[in-house]
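Working notes, structure below.
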Amino acid sequence: MAGVTSQIFISSSSSTLRRVYHRPPRCFSGSPEKRTPAILKWAVGGVTEVLRLFSVAAPPSSSIRTNKDKSDSEVDARDVEDVMEVLRSDYGNAYFVTGIFTTAIYSDDCIFEDPTISFQGTELYERNLKLLVPFLEDASIELQNMEKSELSQGNYIRATWKLRTYLKLPWRPLISIDGSTVYELDRDFKIVRHVESWNVSAVEAIRQIFTVNSFTSRS
């Protein structure tokens, strides 16, 4: 929420986005391999630009925490188990839908991928999450399982999750996705690749945004 939402709106304007194409993870299945139609990528970029403009115009919310509220300086991941412990804590903070995550366990040039887009840079990912958060309502992400694979060619962690959120749009669409994220680690146990897969296609995920919620009224 890649991710992910986590990640229907996670992209960037064309002037700042750096597309990257690297090898897929060598363990665990579910990496986004299918080519996303160009028109869909344009649509994602267009929606994101609209969100960016709205976020600039909207007053900042004091209720939205930032990663500066956390102390990353104390994080010292020395093995895969340490990284998994931090990730579980980040899922406990619902990082896909709050933007609160431990940047210290990520490489600065970490690659983030989901079925719609691929870009590089942990700072950019953090900015994208902050862009998304104000447009979420009754958002939740449930960690269902986490497993590791320690191989000679690299270490990997795979988390499965369930995302559910409404969007603050006039028709209040419901986004509901079951997905997984593969975290690829380097020799220093930094996450260098964050790859999301969803149980729906990219087209189906985008379609959810434009589906009118039958119960738009709030009590």
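The residues of the chain are indexed from 1 along the displayed sequence. On a predicted model such as this, the values are computed, not experimentally measured, just so you know.
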Closest non-hydrogen atom pair between N93 and T98, with its separation: O-OG1, 2.8 Å

Non-hydrogen side-chain atoms of Y91 and I141 separated by less than 4.5 Å: yes

Atom of A205, atom of W198 and distance for their closest heavy-atom approach: CB-CZ3, 3.6 Å

Distance, nearest 0.5 Å, that separates CD1 of I157 from CD1 of I105: 7.5 Å

Closest approach of A202 to P115 (non-hydrogen atoms, all atoms of both residues): CB-O, 3.9 Å

Under 3.5 Å donor-acceptor, D114 side chain and T116 backbone: yes

Aromatic ring proximity, centroids under 6.0 angstrom, F101 and F96: no

Residue pair K162, E142: steps toward the salt bridge (Lys or Arg N to Asp or Glu O under 4.0 Å) verdict: CA-CA 5 Å; K162 181 183 291 290; E142 176 188 351; over 6 Å; no

Contacts of type side-chain contact (heavy atoms from CB on, under 4.5 Å), residue L174, not counting sequence neighbours: R164, Y166

Nearest heavy atoms of W171 and F210, plus distance in Å: NE1-CA, 3.9 Å

Residues R172, E137; criterion side-chain contact (heavy atoms from CB on, under 4.5 Å); working and verdict: CA-CA 9 Å; R172 200 167 177 258; E137 185 175 21; 3.1 Å; yes

Contact check, side chains of C110 and Q120, non-hydrogen atoms, under 4.5 Å: no

Any side-chain heavy-atom pair of I100 and L129 under 4.5 Å: no

Over 12 non-hydrogen atoms of neighbours within 6.0 angstrom of CD in E85: no

Minimum heavy-atom distance between V192 and S107, given as atom pair plus value: CG1-CB, 3.9 Å

Point-to-point distance, once rounded to the nearest 0.5 Å, from CE of M146 to CZ of R88: 5.5 Å

Side-chain heavy atoms of K148 within contact of E81, under 4.5 Å: yes

Value rounded to 0.5 Å, distance of CD1 in I175 from CD1 in I206: 8.0 Å

Separation between OG1 of T165 and CZ of F135, rounded to the nearest 0.5 Å: 12.5 Å

Those residues that, when tested against D186, pass side-chain hydrogen bond (donor to acceptor under 3.5 Å, both in side chains) (two or more places apart): none

Minimum side-chain heavy-atom gap T122-D108 below 4.5 Å: no

Spacing of L131 atom CG and E126 atom CD [to the nearest 0.5 Å]: 12.5 Å

Audit row: I177, N199, side-chain contact (heavy atoms from CB on, under 4.5 Å) steps and yes/no: CA-CA 7 Å; I177 295 176; N199 70 325; 3.8 Å; yes

Heavy-atom check, side chain of L185 versus side chain of Y156, under 4.5 Å: no

Test: D76 and R78 ion pair at under 4.0 Å: yes

Residues I111, S118; criterion side-chain contact (heavy atoms from CB on, under 4.5 Å); working and verdict: CA-CA 7 Å; I111 296 167; S118 175; 4.0 Å; yes

Spacing of NE2 belonging to H194 relative to OH belonging to Y106, to within rounding of 0.5 Å: 4.5 Å

Non-hydrogen side-chain atoms of Y183 and V83 separated by less than 4.5 Å: no

For the student: nearest non-hydrogen atoms of V97 and A139, plus distance: CB-CB, 3.7 Å

S180-W161 side chain donor-acceptor pair, cut-off 3.5 Å: no

side-chain contact (heavy atoms from CB on, under 4.5 Å) evaluation trace for N145 with T160: CA-CA 5 Å; N145 185 52; T160 56; 3.3 Å; yes

